[in-house]
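Report on the following structure.
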Amino acid sequence: MRIVIATGIYPPQVGGPAYYAKGLAEAYTELGHVAVPVTYGALLRLPIGVRHLAYLARLIPKMRSASAVIALDTFSVAMPAAVACKIMRIPLIIRTGGDFLWEEYLERTGEIILLKDFYNAPRALNVKEKLIVRMTRFALDRAKYIVFSTRLQRDIWTKAYEIDSSKTKIIENAIEPMLEPAPAAEKNFLWYVRPTAFKNAARVREAFSLAKKKFPDITLEEGQIPKAQLLERMKGCYAVILPSLTEISPNYVIDALRFHKPFIMDKYSGLADELAPYGLLVDPLKVEDIARGIEELASDDGYQRALGKAKQFNRARTYREIAQDFLALI
């Protein structure tokens, strides 16, 4: 079977969709299928609309004899993929990933709003955001299936975009094998995230400053680094922190748990219920609550309790399983 994977980015580019595309492509190859990743590459430098047309022209020749196209977002690749699949008469499966509209709105307005609340009331969208809505609806309407990684986003989008629920499927993200940790040499909290509004930077830094007054030996590491380097830092870190406004599927936390490292995460995450037994959940809207979580881990007793919870984590889910879930839809 020949399967086209439409993705905006691909390693060595950094980001969840890049690693997901690579893992899926490798799994299909191992299963004896032909996987064809199609990425934007240099086309990302083009303006919106122009780059969509250029990607469409790049995508169509790769689709000959394909059994399906799996698009790994709902805007940059899903829109041209929907047009291409209509032309080529090939089924389209869209995997949603994040929420591009919500992220764009937060970046522009600076408004602090959780994903679960964003679609509950009309928003004053600008021209670009209205275009995102129209293009997203266009792509979703033409997909054979729409795949979500969590029920949280599925439930929100089914209502917001008036999606036929029979078209929706949950395919959980990969959880790669457990890794051997190293003892922490210092009280360093890792916060390597993209500099986007929903990562809640102002509150995270303010909360850390508050906690540092009580525990001056704690440090916060931040920035963006490749995944291999991130895993090496996680191996010997003290803890990780991710109190975003809403983490739909917090792979960052899951990678930390592979080393049995304590974590702090927002309580509104798409995996909050599943990961609560293994770590500490906080309200990302309240600086004091984030600071409380940091202080709890910074204390010796609190840290030992957190280590005990993290050590209970022992889940695994391979990209081979994910690939087979998509094959069942195809």
Polar side-chain atom of [X] near backbone of [Y] as donor-acceptor pair, under 3.5 Å:
X    : Y    : answer
K261 : V240 : no
R142 : M79  : no
E26  : G23  : no
S269 : E247 : yes
D289 : D283 : yes
K212 : I218 : yes
Y303 : P262 : no
Y268 : L245 : no
Y55  : V38  : yes
T246 : L115 : yes

So, [X] versus [Y]: side-chain donor-acceptor pair below 3.5 Å or not?
X    : Y    : result
N200 : R205 : no
D73  : S76  : yes
S149 : E172 : no
D266 : S244 : no
Y119 : D99  : yes
E222 : Y192 : no

Can you tell me how the ring of W102 sits relative to the ring of F198, calling it parallel under 30°, perpendicular over 60° and tilted otherwise?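 Aromatic pair W102/F198 classed tilted.
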Same cluster or not: are [X] and [Y] linked, directly or through other Ile, Leu, Val, Met, Phe, Trp or Tyr residues, by side-chain heavy atoms under 4.5 angstrom apart?
X   : Y    : result
Y10 : L230 : no
I48 : L53  : no
M1  : Y145 : yes

Which atom names give the shortest non-hydrogen contact between [X] and [Y], and what distance separates them?
X    : Y    : value
T150 : I248 : CG2-O, 3.1 Å
T196 : E107 : CA-OE2, 3.0 Å
Y19  : P11  : CD2-CG, 4.2 Å
M265 : P250 : SD-CG, 3.5 Å
P17  : T7   : O-OG1, 3.9 Å
L281 : A276 : CD1-CB, 3.7 Å

Quick check, are the ring centers of F326 and H33 under 6.0 angstrom apart?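 Ring-ring flag for F326/H33: false, centres at least 6.0 Å apart.
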Answer whether the closest heavy-atom distance between the side chains of [X] and [Y] falls below 4.5 Å.
X    : Y    : answer
V147 : I94  : no
I70  : I3   : yes
L231 : K235 : no
Y20  : L72  : yes

Cation-pi between [X] and [Y]: NZ/CZ under 6.0 Å from ring centre and within 45° of the ring axis?
X    : Y    : result
R258 : F313 : no
R151 : F148 : no
K187 : F215 : no

Run the side chain to side chain contact (heavy atoms under 4.5 Å, CB included) check on R154 and K169 step by step: do they pass? CA-CA 8 Å; R154 183 193 63 180; K169 302 293 178 182; over 6 Å; no
Would you mind telling me which of E288, E296, E295 makes a salt bridge (charged side-chain N to carboxylate O under 4.0 Å, His left out) with R292?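 Among E288, E296, E295, the one meeting salt bridge (charged side-chain N to carboxylate O under 4.0 Å, His left out) with R292 is E296.
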Regarding [X] and [Y], does a basic nitrogen lie under 4.0 Å from an acidic carboxylate oxygen?
X    : Y    : result
E129 : R108 : yes
D325 : R317 : yes
E111 : R123 : yes
E103 : R194 : yes
K227 : E176 : yes

Can Y40 and I9 be said to form a side chain to side chain contact (heavy atoms under 4.5 Å, CB included), step by step? CA-CA 7 Å; Y40 264 87; I9 56 176; over 6 Å; no
Residues which pass salt bridge (charged side-chain N to carboxylate O under 4.0 Å, His left out) with D164, listed by chain and number, not counting sequence neighbours: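 Applying salt bridge (charged side-chain N to carboxylate O under 4.0 Å, His left out) to D164 gives none.
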